[in-house]
Novice: 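Here's a structure for you.
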2 protein chains.
Amino acid sequence: MTSEPATAAKPVRLAPMQVPKASDVLANDLRERILSGEFPEGTSLPPERDMVVQTQMSRTTVREALRILEVQGLVRIRTGRSGGAFVQRPGGDSVADSVSLLIRGRHIRLAAIFEAREGIEPTCARLAAKYRTDADLARLAAANAAISGDGPLEDFLQANVDWHVAVAEASHNELLAGIMLALSRVIYTATDNQAFVDAEVRRTTIRAHARVTEAIEAGDTEAALRRMTRHLHKYTEAISEVEDRTAIEVPGG
Amino acid sequence: MTSEPATAAKPVRLAPMQVPKASDVLANDLRERILSGEFPEGTSLPPERDMVVQTQMSRTTVREALRILEVQGLVRIRTGRSGGAFVQRPGGDSVADSVSLLIRGRHIRLAAIFEAREGIEPTCARLAAKYRTDADLARLAAANAAISGDGPLEDFLQANVDWHVAVAEASHNELLAGIMLALSRVIYTATDNQAFVDAEVRRTTIRAHARVTEAIEAGDTEAALRRMTRHLHKYTEAISEVEDRTAIEVPGG
DNA sequence: ATGGTACCTTGGGTATGACCAAAAGCACTG
DNA sequence: CAGTGCTTTTGGTCATACCCAAGGTACCAT
C-alpha cells in the first residue's frame with residue numbers, strides 16, 4: 001500500500017487555486033449584505049468578540065475586516081459601552097475622499113479641476129432648475145444671503161462653496177452632488193490664501209450667483225445651464241491667468 | 001503637603017482633548033509622505049517587523065495602518081519573500097470603486113447615472129478635440145475598429161466602454177478620466193443583460209462614435225461637444241423608456 | 001556538468017491571550 | 001436627592017507563536 005507502480009497511467013492533475021485572505025472574505029460578505037439592504041442603515045453589527053465565536057476567526061481577522069469596511073465608509077465604529085460597528089450608507093464624503101486622493105496623488109493641476117467643474121456644474125444647475133423643491137430654494141437663498149462682499153476671505157470662500165454645493169444637491173442627483181462636493185472641497189483648500197480673489201471678483205461672483213439662482217427658481221433649465229457655464233468660465237479664466245504665472249498645484253489638506 | 005486649602009482660587013481647567021488612534025496616526029503620516037512625493041511610486045516600505053521596531057508600535061497597529069492605505073489604493077501589498085508594501089499612486093480605479101459603492105449603497109437609479117454622464121462626457125469630448133495626440137487618435141481608431149454590429153452582446157458593450165474611456169483619456173484630464181472610468185464600469189455592468197440594445201441601437205451607436213471621432217480628429221471642439229451630447233442624449237432616452245417600465249436599478253458587481 | 005528537488009530565508013497572514021481605554025449604567029454615599 | 005465613583009461592555013493595543021507564500025541556494029542523482 002505504500003508504493004504505487006511507477007508506470008501509473010493517471011498522473012495527478014490539479015488546477016491552480018487561489019486562497020483569498022480571510023479578512024477579505026468576511027469583509028466582502030458583510031459588504032454585500034450591507035449594500036443589498038439586508039442590514040439597514042443604523043444596524044449594529046455584533047461585537048467583535050461575538051463575531052469571533054460566530055465566524056471561528058481570530059479577533060485580528062475580524063478587526064481587519066471591520067477596518068476595511070470603515071475605510072470604505074460602510075460602517076462607523078464607536079468605542080465604549082453600547083459601542084460597536086454601525087452600518088452606514090456610503091455618502092458623498094467617501095467619493096470626495098477618494099477624489100481628493102486622486103487629485104493630490106497625481107498632482108493634478110488646479111486648471112484641470114476647473115475644467116472638470118465646467119463640465120459637471122452646469123449640468124447640476126440644469127437639473128436643479130428642473131427638480132428643485134421649496135427646501136432647495138430656501139437653502140440657496142440662505143447661501144446667497146450669507147455671502148458678502150467684504151468679510152474675511154475665509155467666510156467668503158465658505159459661503160461660496162456652500163452655494164455651489166446647494167446647487168448640486170438641488171439637482172437631486174446624489175452622484176453629481178457627491179462629485180461636486182469633492183471638487184468644491186479641493187477648490188476651497190486650493191483657493192484659500194490665493195490673492196486673486198479681490199473685491200471685483202467678489203462682486204462679480206455674487207451677481208452671477210444671484211442670476212443663476214433666479215433661473216433655478218424660475219425653472220428655466222437652459223438659462224440656468226447657460227449662466228452657470230458663463231460664471232464658471234469667467235472664474236476659470238481669472239484663475240488661469242494666475243496659474244500661468246505661478247503654476248498653482250493643489251496643496252495638501 | 002498632602003492637603004490643599006479648599007478655598008484655592010485657581011480651579012484646574014483642562015481643554016477637551018482628543019486622542020487619535022495609533023493606527024490612524026501612522027496611516028496619516030505615511031499617506032502624507034506618499035502624496036507629497038517623498039516616497040515615489042514603486043518604493044517599498046520597510047517590512048512590518050521593521051516598522052514595529054522603528055515606530056515602537058505593535059505589529060497589529062502597523063498592519064492596520066497598512067490595511068487602511070491598501071484600501072485607499074496608496075500601497076499594494078504582496079506576500080512571500082521580497083514582498084511587502086509597495087507605494088502606489090491612487091488611480092482612477094479607487095475613484096471607480098467608491099463611486100460604485102455610492103451607487104449601489106444609495107440605490108441610485110440608472111437614469112441618474114446617465115444624467116451625470118451627460119454632463120461629464122461632452123466635456124471630455126471637447127477637451128479631447130483640443131488636446132488629443134496621435135497616440136490618442138490611434139487608440140480611438142482601434143476602439144472603433146473593434147466595435148461591430150453583430151457579435152455577442154458582451155463584446156459590443158466592452159468595445160463600447162473602451163471607446164468612451166479612450167475619449168475620456170484623450171482629454172488629458174486625469175480627473176475626468178477617472179470619473180468616467182467609474183461611470184463606464186457601472187454602466188457596463190448595469191447594461192449587461194439588458195435587452196434594449198438591439199441591432200438598431202448598435203448601428204446608431206457605431207455611426208455616432210464615428211462622427212464624434214471625426215470631430216476630435218479634426219480638432220473641432222464645438223462639434224465634438226455637440227455630437228457627443230446628442231449621442232448620449234439619444235442613448236439615455238432609449239434607456240429611460242425601458243426604465244419607466246422596469247425600474248432598472250444598478251445590480252451588484 | 002546539469003537539472004531537479006529539498007531546504008532555508010524572508011516576508012506577510014492568522015490565532016491567542018492579556019491588558020488598556022472609553023462610555024454607559026448603576027450603586028453607594030454625603 | 002445629587003453627585004461621585006465603581007462596574008460592565010466594547011473597541012484599541014500589545015506580545016508571542018505559528019502558518020503560508022515565494023524567492024534563493026545547496027545538494028544529490030544522473
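Within every chain, numbering begins at 1; the chains are lettered A, B, ... in the order of the sequence lines, protein sequences first and strands thereafter.
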Novice: Using a 4.0 Å heavy-atom cut-off across all strands, classify I77(A) as base, sugar-phosphate, or nothing.
Specialist: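 It contacts sugar-phosphate atoms only.
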
Novice: If you look only at pairs with a residue in residues 174-187 of chain A, which of them pass as a salt bridge (charged side-chain N to carboxylate O under 4.0 Å, His left out), with sequence neighbours excluded?
Specialist: D93(A)-R185(A), D97(A)-R185(A), E174(A)-R106(B)

Novice: R132(B): what forms a salt bridge (Lys or Arg N to Asp or Glu O under 4.0 Å) with it, not counting sequence neighbours?
Specialist: none

Novice: Quick test of your reading: applying side-chain hydrogen bond (donor to acceptor under 3.5 Å, both in side chains), list the pairs with at least one residue in residues 70-84 of chain A, sequence neighbours left out, ordered by first then second residue.
Specialist: R31(A)-Q72(A), R67(A)-E70(A)

Novice: Looking across every strand, which nucleic acid part, if any, lies under 4.0 Å from T61(A) by heavy atom: base, sugar-phosphate, or nothing?
Specialist: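 Result for T61(A) = sugar-phosphate.
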
Novice: What is the distance, rounded to the nearest whole Å, between atom CE of M57(A) and atom C1' of dA15(C)?
Specialist: 12 Å

Novice: Does D24(B) have any salt bridge (Lys or Arg N to Asp or Glu O under 4.0 Å) partners at least two apart in sequence or in another chain, and if so, which?
Specialist: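 Testing D24(B) for salt bridge (Lys or Arg N to Asp or Glu O under 4.0 Å), a comparison that skips the adjacent residues, returns none.
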
Novice: Walking along DNA chain D from 5' to 3', note the first and the last nucleotide with an atom under 4.0 Å from a heavy atom of chain B, and give both.
Specialist: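 With heavy atoms of chain B under 4.0 Å away, the range is dG12(D) to dG24(D).
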
Novice: Going by the rule ring pair (Phe, Tyr, Trp, His ring centres under 6.0 Å), which residues pair with H172(A) if we only count those two or more places apart in sequence or in a different chain?
Specialist: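 By the ring pair (Phe, Tyr, Trp, His ring centres under 6.0 Å) rule, H172(A) matches no residue at all.
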
Novice: From CD of Q56(A) over to C1' of dT16(C), roughly how many Å is that when rounded to an integer?
Specialist: 14 Å

Novice: Below 30° counts as parallel, above 60° as perpendicular, anything between as tilted: where do the rings of H164(A) and H209(A) land?
Specialist: perpendicular

Novice: How would you summarise protein contacts on nucleotides 18-28 of chain C per nucleotide, using B for base, S for sugar-phosphate only and - for none, with heavy-atom distances below 4.0 Å?
Specialist: BB--BBBS---

Novice: Could you pick out which residue, S58(A) or D50(B), lies toward the 5' side of DNA chain C when each is mapped onto its nearest nucleotide?
Specialist: D50(B)

Novice: Could you check how far CG of L45(B) sits from P of dG11(C), rounded to whole Å?
Specialist: 13 Å

Novice: Partners of S94(A) by side chain to side chain contact (heavy atoms under 4.5 Å, CB included), sequence neighbours excluded?
Specialist: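 Expected list: P90(A).
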
Novice: Restricting to side chain to side chain contact (heavy atoms under 4.5 Å, CB included), what partner residues turn up for D50(B), sequence neighbours left out?
Specialist: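 Here the qualifying residues are P46(B), P47(B), Q54(B).
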
